[in-house]
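Accompanying notes for the structure given below.
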Amino acid sequence: MIPISLNTWLIPQLHIPDGFLSLAVSLFFWLIAIIFIAIAARKVQQDFDDRRTPLMGILAAFIFAAQMLNFPIAGGTSGHLLGGALAAILLGPWAAILVMAAVIGAQALLFQDGGFLAMGANIFNMGILTALIGFGLYRGALRGAKRFKLIIAAIAAWLSVMAGALSTSLQLWLSGTASLQVVMPAMLGVHAFIGVGEALITVGALAFIFKTRPDLLSAGEVRGRGGRGWIAAGGIITLLTVLLAPLASANPDGLERVAEKLGFINAGRGAPYQIFPDYTIPLLGETPLSTILAGAIGALAAGVIVVLAMRLLRQRPDQSLSAGDQ
Amino acid sequence: MQSFERYQTGNSFLHRLAPRVKVVMTALFILSALLIPDGAWTAFLLSLMMLLVLIRIAAAPIGMAFKRSLVILPFTLTAFSVLFVTPGAPLIVLHPGPWTLTMTDAGVIRFASILARSLLAVKIAILLTATTPFPDLLHAFRHLHLPRTLVSILAFMYRYLFVLGDEATRLMRARQARSARLPGRSGGANLMWRGKVAGGMAGQLFLRSLERGERVHQAMLARGYRGHIYTLNPHVVTRRDWLFAAAGVFLLLLIQLIARFPLL
Amino acid sequence: MPVTHPQDHTARPTSSRTAAGPALAISNLTFAYPDGREALRAVSFTVQPGEKVALVGPNGAGKSTLLLHFNGILQGQGEMRVMGKSVMKANLPEIRAQVGMVFQNPDDQLFSPTVYEDVAFGPLHMGLDEPEVRRRVAEALALVGMSDYAERLSYHLSMGEKKRIAIATALSMRPHILALDEPSAGLDPRARRRLIGLLQELPQTQIIATHDMLLVRELCSRMVLMDEGRIIADGPAHRLFEDQALLEAHGLERPAC
Amino acid sequence: MPVTHPQDHTARPTSSRTAAGPALAISNLTFAYPDGREALRAVSFTVQPGEKVALVGPNGAGKSTLLLHFNGILQGQGEMRVMGKSVMKANLPEIRAQVGMVFQNPDDQLFSPTVYEDVAFGPLHMGLDEPEVRRRVAEALALVGMSDYAERLSYHLSMGEKKRIAIATALSMRPHILALDEPSAGLDPRARRRLIGLLQELPQTQIIATHDMLLVRELCSRMVLMDEGRIIADGPAHRLFEDQALLEAHGLERPAC
Ligand SMILES: Nc1ncnc2c1ncn2[C@@H]1O[C@H](COP(=O)(O)OP(=O)(O)OP(=O)(O)O)[C@@H](O)[C@H]1O
Ligand SMILES: Nc1ncnc2c1ncn2[C@@H]1O[C@H](COP(=O)(O)OP(=O)(O)OP(=O)(O)O)[C@@H](O)[C@H]1O
Ligand SMILES: [Mg+2]
Ligand SMILES: [Mg+2]
């Protein structure tokens with residue numbers, strides 16, 4: 001793991017460190033991440049009864065270890081795995097989100113791969129988006145032959161990396177840390193390449209499991225992990241990625257103008273110290289004090305939301321567990 | 001794989017601080033760094049001094065943090081672009097090929113500020129990791145009321161990270177050992193095949209992880225597990241911790257004030 | 001020998017002493033895995049308190065499967081009593097406190113980040129209060145000679161050290177019965193010798209599944225030979241060792257001398 | 001014994017025969033892991049073609065680390081020559097064709113879904129054409145007596161079977177040298193006996209890291225004793241076995257008789 005992050009220093013990975021995202025963007029994605037994790041914790045608890053904790057932990061360790069596996073592509077570079085799509089296909093979307101959140105959290109805590117305040121965004125890019133695309137597309141291909149499923153899995157794996165890269169560039173741009181014209185083509189270009197490794201390993205792993213434990217990937221099993229809603233969700237995100245990526249890389253100025261028109265470009269684009277940049281406390285006018293107060297209020301509100309969400313999440317998980325003892 | 005734990009064996013004031021206090025203070029420090037406006041150099045400098053004092057207290061080698069803060073490098077590359085797109089007074093005009101790039105003063109300030117925030121954040125995070133063993137962090141999360149499920153998942157993950165990480169390493173070694181070539185032949189087969197083999201290794205790891213999950217669950221049942229995980233509480237928050245937290249918050253507030261009212 | 005206080009009575013099980021009766025009584029136990037594989041077929045035997053019984057047989061004979069029945073992790077058909085208590089759902093928590101399981105692979109058994117937490121896991125889940133838990137952990141670690149290791153991370157231990165901690169996790173529950181699955185596998189000769197010394201001095205009833213015939217000879221007076229889910233022979237170890245033909249028919253070997 | 005054609009010349013390495021010279025020559029090899037742990041300190045020794053050398057020593061002595069140097073998976077400081085070729089980056093692919101590694105745990109070695117794919121990995125990676133690959137796989141499987149297993153899934157085999165397949169994955173590359181890490185660990189007595197028979201009949205130079213002293217006595221004429229990264233003793237196995245004091249000082253034991 002350390003060697004991997006050392007080898008790939010110069011490749012913009014998807015683990016965004018702190019400092020590159022504005023506070024507004026950071027908090028927004030934290031909120032999304034918390035909501036998803038809260039739902040995931042509940043769902044997973046229903047599906048896996050009391051085996052879930054050790055199992056989820058070990059599967060998170062699996063993703064971690066699988067990210068170390070690599071293979072030579074060409075000229076000294078090597079392909080390796082992000083794992084979001086694979087996890088979603090193997091475990092179902094909710095369990096995958098939980099597992100990826102644990103992986104991303106540990107990477108930040110142990111290796112500083114990705115920041116703390118940026119963790120919400122990282123979980124969104126590498127856990128939630130990948131789970132939506134990975135599972136959504138695979139779930140849609142359930143009826144097909146094995147070969148077809150594998151092809152879809154390959155596409156899903158590649159796209160999940162592209163979606164992560166797209167979303168990372170947008171976040172950086174919204175935070176005012178990078179110009180879209182630079183970050184978008186760079187991110188998408190590099191990850192189009194990285195995605196090939198992702199696709200090959202994902203398919204290799206699935207092919208292996210098809211051969212050795214076909215029961216784990218049987219139609220019934222996969223259906224049990226999520227309903228048809230996922231197909232739609234995955235489809236929409238896929239469509240967005242497919243449309244937005246070429247559009248934005250071909251004409252980032254255009255996107256920038258559109259965003260400016262819609263007004264949200266200023267939302268994050270101002271300095272990261274402003275939580276609601278254009279919002280100042282009316283009575284105080286545009287003074288530094290007003291900015292501080294606005295910031296404090298915003299932070300407080302975000303804090304309250306976080307605490308509430310945590311509460312919500314904490315209440316259920318540990319009841320009704322002992323039922324499944326045998 | 002174990003090198004990141006090398007400095008946790010120390011016994012400085014920081015090592016002995018209650019982990020939950022360290023976690024909260026780290027988060028506040030990062031928050032404070034993000035809140036410092038562009039170009040508020042005094043505030044950045046004060047934050048850096050605070051950081052250096054902490055590193056000194058922890059008796060952690062200052063250079064140690066350096067290598068790992070390189071993780072921000074790739075993102076720094078992408079942030080280079082703000083040098084040229086931020087509106088401001090032109091400093092340097094470059095003509096690479098057909099383009100014209102104008103570096104502005106505001107751009108330079110913005111870029112340097114992003115870098116400063118990011119370095120501060122990553123270094124304090126390194127300091128936290130270097131002075132707090134992961135199991136203690138887990139205790140801290142429990143006390144901070146993170147969902148118990150999530151903390152338990154993290155605990156299991158941490159334990160099996162190394163087991164599975166070693167397994168992955170051994171798989172790769174075995175592959176390396178058989179990645180032979182005959183003199184005068186190219187070898188290596190093709191890309192698809194190599195990818196498929198790596199994928200097979202991932203699949204193998206997955207199945208083993210599943211089975212291990214099953215066995216661990218059995219081992220837990222054997223020792224009385226019925227759905228809850230209990231742990232002893234080895235950490236208490238003492239007055240010393242409160243004092244440290246109060247001092248920290250005070251300093252961070254001061255930094256924020258100085259950042260905004262430079263004349264104060 | 002790093003074992004401390006081997007004769008100390010604290011090592012003795014404390015809860016609910018049963019007067020006489022066998023420690024373990026199994027009759028006609030049959031078990032099939034969900035995939036249909038019959039792993040146990042009409043297994044019957046009885047173990048008296050304090051006995052040290054070796055369970056031997058080729059790979060796949062059903063030894064591990066049988067051990068997993070002792071505390072109800074697997075439940076086959078047939079009668080099973082542990083310390084006089086029938087193994088059934090209602091009794092499980094109590095029975096699990098009486099049977100200390102040591103799994104073959106210590107990495108499966110040591111699932112907590114630190115050694116201390118792992119050894120404390122059993123007592124904590126038995127609902128003991130904190131001082132008692134601490135006492136038990138200290139005692140169990142002392143018994144296996146690993147008192148200094150409490151704060152270590154399980155991952156950083158060598159195989160032999162992990163194995164001893166795994167035994168401590170069972171001892172801290174003060175069980176009457178120890179069920180050990182291949183305790184000597186992967187140990188170097190010195191670590192193996194220490195393990196044998198430790199097991200010799202522990203007073204618990206022991207049932208040991210193993211391929212290590214020398215360990216059987218040094219430690220166990222009785223030997224139960226299994227193959228294909230059945231008990232093939234059951235008797236004094238030195239007797240069975242003499243029956244070369246029997247051993248060879250079931251993939252075993254007499255210890256070299 | 002399931003070994004077929006033990007004397008068959010196909011078992012002999014075919015590529016680039018070197019006239020005389022040692023199969024392996026190491027001098028002053030020193031290696032430290034990235035975390036600073038010195039695992040090898042000034043190790044020197046030479047192995048002649050056809051020799052079967054046992055590498056013994058307590059847990060953590062550095063045996064596995066040393067084996068991993070033979071084909072450059074780890075690279076320490078010092079001189080190392082395999083079949084006359086210096087071990088350095090440019091020669092690695094060639095050297096890996098000459099040294100067949102068998103890891104302790106066959107699960108690490110078998111990473112493909114089917115036995116066939118696993119045994120074919122080496123030859124395929126060497127760029128051989130398909131008929132030749134098939135021939136090599138068939139030959140290697142026949143040597144370990146597992147010809148019927150080609151289409152089986154490695155994942156579902158027993159430990160003893162996996163171990164033999166692991167050896168086949170090395171043999172299919174027709175190496176001059178076999179480096180085996182604890183080949184007998186985890187096998188039941190019958191499987192272990194078969195393995196010893198197989199190794200006795202294979203003509204390759206063999207270097208075997210093991211804790212199994214009985215295997216050493218039966219298989220190896222020479223024994224190299226390591227501890228703390230150093231070579232402590234090197235000589236005929238039966239001689240070293242007589243030096244009880246030496247063995248005990250390094251956590252070993254004489255085979256029981
Ligand atoms: N989870 C499982 N599902 C299906 N079959 C199983 C399972 N676990 C074990 N078996 C089968 O049950 C039989 C008995 O297995 P068991 O593990 O009890 O053998 P063992 O005597 O412990 O062997 P070893 O000496 O290799 O440890 C074997 O044939 C094995 O393949
Ligand atoms: N990846 C690693 N990183 C750091 N230290 C290691 C690593 N692998 C092994 N070591 C250490 O190097 C030393 C030699 O280990 P090695 O695995 O070579 O021993 P060994 O003789 O094979 O022991 P065993 O009989 O237990 O297999 C040990 O002290 C071990 O802890
Ligand atoms: Mg077993
Ligand atoms: Mg070894």
Side-chain angles (χ1 to χ4, degrees), chain A residues 5 9-12 17-20 23 41 50-51 53-62 64-66 68-69 71-72 79 81 90 102 106 109-110 112-113 115-117 172 177-179 182-183 186 200-201 203-205 208-209 213 271-273 288 292 310 313-314 317-318 321-322 325, chain B residues 1 3-4 27 30 34-38 68 70-75 78-79 81-82 85 114 117-118 121-122 125-126 129 137 145 147-149 152-154 156-157 160-161 164-165 167-168 191 194-196 198-207 209 212-213 216-217 226-228 260-261:
Chain A
S5 39
W9 269 346
L10 289 177
I11 298 176
D18 278 329
F20 288 86
L23 201 55
D50 69 336
R51 267 175 315 168
T53 319
L55 194 62
M56 290 294 120
I58 288 169
L59 292 175
F62 155 71
F64 226 119
M68 297 168 68
L69 297 173
F71 67 99
L81 191 71
L90 290 175
L109 282 166
L110 291 172
Q112 286 77 48
D113 259 343
F116 290 171
L117 288 183
L172 287 174
T177 352
S179 118
V182 173
V183 74
L200 283 175
I201 298 187
V203 167
F208 183 94
I209 293 164
R213 287 285 305 274
Y273 61 91
I292 292 176
M310 290 290 186
L313 179 53
R314 193 154 50 89
D318 286 296
L321 288 182
S322 30
D325 190 27
Chain B
M1 263 192 61
S3 51
F4 66 88
I30 295 175
L34 286 201
L35 284 171
I36 298 175
D38 284 355
R68 262 194 283 155
L70 288 183
V71 295
I72 66 165
L73 209 60
F75 283 88
T78 65
S81 53
V82 297
V85 300
I114 290 171
R117 283 187 203 105
S118 168
V122 84
I126 291 171
T129 313
L137 285 180
H145 297 297
R148 225 203 273 217
T149 322
S152 300
I153 290 177
L154 278 172
F156 280 110
M157 163 181 190
Y160 288 101
L161 202 61
L164 295 181
E167 236 164 72
L191 177 68
R194 289 198 300 269
K196 201 180 138 224
M201 289 159 67
Q204 182 106 21
L205 263 185
F206 173 74
L207 291 186
S209 313
R212 192 182 284 279
V216 168
H217 182 242
R226 267 175 281 159
H228 295 265
R260 289 182 168 74
F261 303 97

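All values below were derived from every heavy atom in this structure, side-chain atoms included, with hydrogens, water molecules and symmetry-related copies excluded. For clarity, every value in this text was computed on a predicted model and none was experimentally measured. A, B, ... follow the sequence lines: proteins, then strands. Residue 1 opens every chain.
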[X] versus [Y], closest heavy-atom pair with distance:
{"X": "A:G57", "Y": "B:F156", "result": "CA-CB, 3.8 Å"}
{"X": "B:F75", "Y": "A:F20", "result": "O-CE2, 3.4 Å"}
{"X": "A:F62", "Y": "B:L164", "result": "N-CD1, 3.5 Å"}
{"X": "B:A202", "Y": "A:A205", "result": "CB-CB, 4.0 Å"}
{"X": "B:M157", "Y": "A:F64", "result": "CE-CD1, 2.8 Å"}
{"X": "B:A168", "Y": "A:A65", "result": "CB-O, 3.8 Å"}

Is it the side chain or the backbone of [X] that comes within 4.5 Å of chain A heavy atoms, both, or neither?
{"X": "B:L205", "value": "both"}
{"X": "B:L207", "value": "side chain"}
{"X": "B:Q204", "value": "both"}

Heavy-atom contact with chain B under 4.5 Å, split by part of A:F71: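 Its backbone and side chain both get close to chain B.
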So, taking the atom named [atom1] in [X] and the one named [atom2] in [Y], what distance separates them when rounded to the nearest 0.5 Å?
{"X": "B:R212", "Y": "A:I58", "atom1": "CZ", "atom2": "CD1", "result": "7.0 Å"}
{"X": "A:M56", "Y": "B:I153", "atom1": "CE", "atom2": "CD1", "result": "6.5 Å"}
{"X": "A:I201", "Y": "B:K196", "atom1": "CD1", "atom2": "NZ", "result": "14.0 Å"}
{"X": "B:F206", "Y": "A:I209", "atom1": "CZ", "atom2": "CD1", "result": "5.0 Å"}

B:T129 side chain vs A:L110 backbone, donor-acceptor pair below 3.5 Å: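 The answer is no, because no donor-acceptor pair under 3.5 Å joins these two groups.
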Backbone N/O of B:V82 and side chain of A:S179: donor-acceptor pair under 3.5 Å: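 No, because the side chain of A:S179 does not come within donor-acceptor range (under 3.5 Å) of the backbone of B:V82.
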Pick from B:L137, B:I30, B:L154, B:V216 with the largest number of heavy-atom pairs that fall under 4.5 Å of chain A: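 Max contact count across the listed options: B:I30.
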Step-by-step side-chain contact (heavy atoms from CB on, under 4.5 Å) determination, A:L55 to B:H217: CA-CA 8 Å; A:L55 194 62; B:H217 182 242; over 6 Å; no
Option in A:L172, A:L81, A:D18 with maximal non-hydrogen atom pairs under 4.5 Å from chain B: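 Of A:L172, A:L81, A:D18, A:D18 has the most heavy-atom pairs under 4.5 Å with chain B.
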